[in-house]
Number of protein chains: 2
Amino acid sequence: MINKNSPIPIYYQLEELIKDQIEKGDLKPGDALPPEREYAETYQISRMTVRQAFTKLVNDGYLYRLQGKGTFVAERKVEQGLQGLTSFTEDMRARGLEPGSQLINFEVIPAPVRIAKYLSIEESSPVYEIKRIRLADQVPMALETTYISTDKVKGLTQEIVNRSLYEYIEGTLGYKIDHARQIIESSVANQIESEFLRIQEGAPIMLIQRNTYLEDETPIEVVKSSYRADRYKFMIDMKR
Amino acid sequence: MINKNSPIPIYYQLEELIKDQIEKGDLKPGDALPPEREYAETYQISRMTVRQAFTKLVNDGYLYRLQGKGTFVAERKVEQGLQGLTSFTEDMRARGLEPGSQLINFEVIPAPVRIAKYLSIEESSPVYEIKRIRLADQVPMALETTYISTDKVKGLTQEIVNRSLYEYIEGTLGYKIDHARQIIESSVANQIESEFLRIQEGAPIMLIQRNTYLEDETPIEVVKSSYRADRYKFMIDMKR
DNA sequence: TATAAAAATTGGTCTAGACAACTATATGTA
DNA sequence: TACATATAGTTGTCTAGACCAATTTTTATA
């Protein structure tokens, strides 16, 4: 179960082990876990190492601790963090819908003033502008425009965008996306939106702008989306 | 600075000390903190204790670590968690607006079926229904209805609601609110909403439903709000 | 039996190290 | 000078305990 000679940290192995048990149902919501000291004894590791794993799982919403009583499986994992942020694709799959995408524009343009500000670059410096219709079960769900600086993300192609933009940024380029700010507002569809989304002009839509950053606050991308309000609700779980 | 004989944990004292330095500007975004070993030496505490404080501050978005380089002050604190969740009041203040409230209904009613489901109680068991118009700089911002089980939260009065509902639930009753789920959707104002919010019927509004829970997933309250889209944007920062 | 006291159990905090992994800097060499 | 190498500094992981705080269980007592 736990390999002490592995280069993978012990606390991380234990984390995954417990998460597996929760997902497989061996540990059910409300169940008490064996005490920390028992894990330490069982796997012949230090209790502090066990606590390191537990603490991470508590922060991630899998467990909660009660002093003097024990450590318990949370009722359901609180989906905090960038759920749906990593990709439209994952968001739709989580909703049980089949994601699709239709590229309608891919070009390099001089950055509009507001986009330049969000990306912390000079006005009119080159940025990729990627316009897509996002589909769910073959029906238009959102109209999405992504802006990325050509300086920060080099060598972007249409083909990469169609495969997986995030995989390219994080995997190939080695950036580590750390956090994002989203601004959500209600509006009504204008003529362009109504055409692409196949809804009436004036129908309610949800505008979502997402700015993505690295650890040191370097902006990586700006995404502006218009979602059909009749098909999309924004859900978010938050932990104190 | 650090009192080792205090009943307040050392790691917590150190946390507060560093947060203070960040807020006072002694530590600026991007600055490297003194190394962990130096803190340990300076305050004559164990490095593991220093790490416990650092780790918490990293999780909370105040700091970030780079192996081999050091620990740095984050560019700005990522406001993750229940920002604006604790109260409309705080949300408005953070936006530089003067919050106000106008109670339009306070009564105990039999729980409607959907509310009962959300609160995990029997249909028609008694719940408080609290309807308020929320004001920002004296202008209507949202129409808000709160449902709370009379069993779980006893002795609620109009006066308490006007003062601070959360303070009563957390302070007086000793519940510890742990997490919440919010569902956000776009819509257009119906006749009732348009009257209370002083907007045209059909104008865009943002519907926000918030379900609040304790650690063990006991539901505490359900809040349904209709915000004026022309005055309100929902902002959220997320950390990976 | 009912109550109070003691003991056991569990998570919370803390120590004083050790070595690994990674980064930056100084040093030596071609 | 340019490049490889050694060295020092930093965070990352881990140990084997210790004692504290809160809760539960057991035991003793009235």
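A note on names: the letters A, B, ... follow the listed sequences, proteins ahead of strands, and every chain is numbered from 1.
- Side-chain nitrogen and oxygen atoms of B:Arg47 include none within less than 4.0 Å of the OP1 or OP2 phosphate oxygen of C:dA16.
- In this structure, of C:dG11, D:dG12, D:dT15, it is D:dG12 that holds the atom nearest to the side chain of B:Arg51.
- Here the C1' atom of nucleotide C:dT13 and the CZ atom of A:Arg37 are 12 Å apart, to the nearest Å.
- Distance, B:Glu38 CD to D:dA8 P: 19 Å, rounded to whole Å.
- Going from atom CD of B:Gln52 over to atom C1' of D:dC20 covers 14 Å, rounded to whole Å.
- For the pair A:Leu33 and A:Met48, both in contact range of DNA chain C, the more 5′-proximal nearest nucleotide belongs to A:Leu33.
- In summary, the side chains of A:Thr212 and A:Arg181 do not present any donor paired with an acceptor at a separation below 3.5 Å, with no hydrogens or angles considered.
- Side-chain N/O atoms of B:Gln67 include none lying less than 4.0 angstrom from OP1 or OP2 on C:dT23.
- Side chain of B:Ser6 to backbone of B:Ile8: a donor-acceptor contact under 3.5 angstrom is found.
- Set against C:dG12, C:dT15, C:dA18, the side chain of A:Arg65 has C:dG12 as its closest nucleotide.
- Protein atom NZ of B:Lys4 is 16 Å distant from nucleotide atom P of D:dC19, rounded to whole Å.
- Atoms CD (A:Gln44) and C1' (D:dA16) sit 12 Å apart, rounded to a whole Å.
- Ring pair A:Tyr39/A:Phe54: centre-to-centre distance below 6.0 Å.
- Atom CD in B:Glu41 sits roughly 15 Å away from atom C1' in D:dG9 (whole-Å rounding).
- Heavy-atom nearest nucleotides on DNA chain D were determined for B:Pro35 and for A:Ile8, and the one closer to the 5' end corresponds to B:Pro35.
- For the pair A:Lys176 NZ and C:dC22 P, the interatomic distance rounds to 14 Å; values are reported in whole Å.
- Between the side chains of A:Glu129 and A:Tyr147, at least one donor-acceptor pair of N or O atoms lies under 3.5 Å.
- Atom pair A:Lys69:NZ and D:dA22:C1' shows a separation of 10 Å (rounding to whole Å applied).
- Minimum atom distance to the side chain of A:Glu36 is reached by C:dG11, of the listed D:dT15, C:dG11, C:dT15.
- Checking D:dT10, D:dC14, C:dG11 against the side-chain heavy atoms of A:Pro9 singles out D:dC14 as nearest.
- For the residue pair A:Glu221 / A:Thr146, no side-chain donor-acceptor distance below 3.5 Å is found, with atom types taken as modelled.
- In terms of phosphate contacts, A:Thr49 brings a side-chain nitrogen or oxygen within less than 4.0 Å of OP1 or OP2 of D:dT15.
- Positionally, the nearest nucleotide of DNA chain D for B:Pro34 lies more toward the 5' end than for the other of A:Ser6 and B:Pro34.
- When distances run from any side-chain atom of B:Tyr11 to the nucleotides C:dT10, C:dC14, C:dT15, the shortest one goes to C:dC14.
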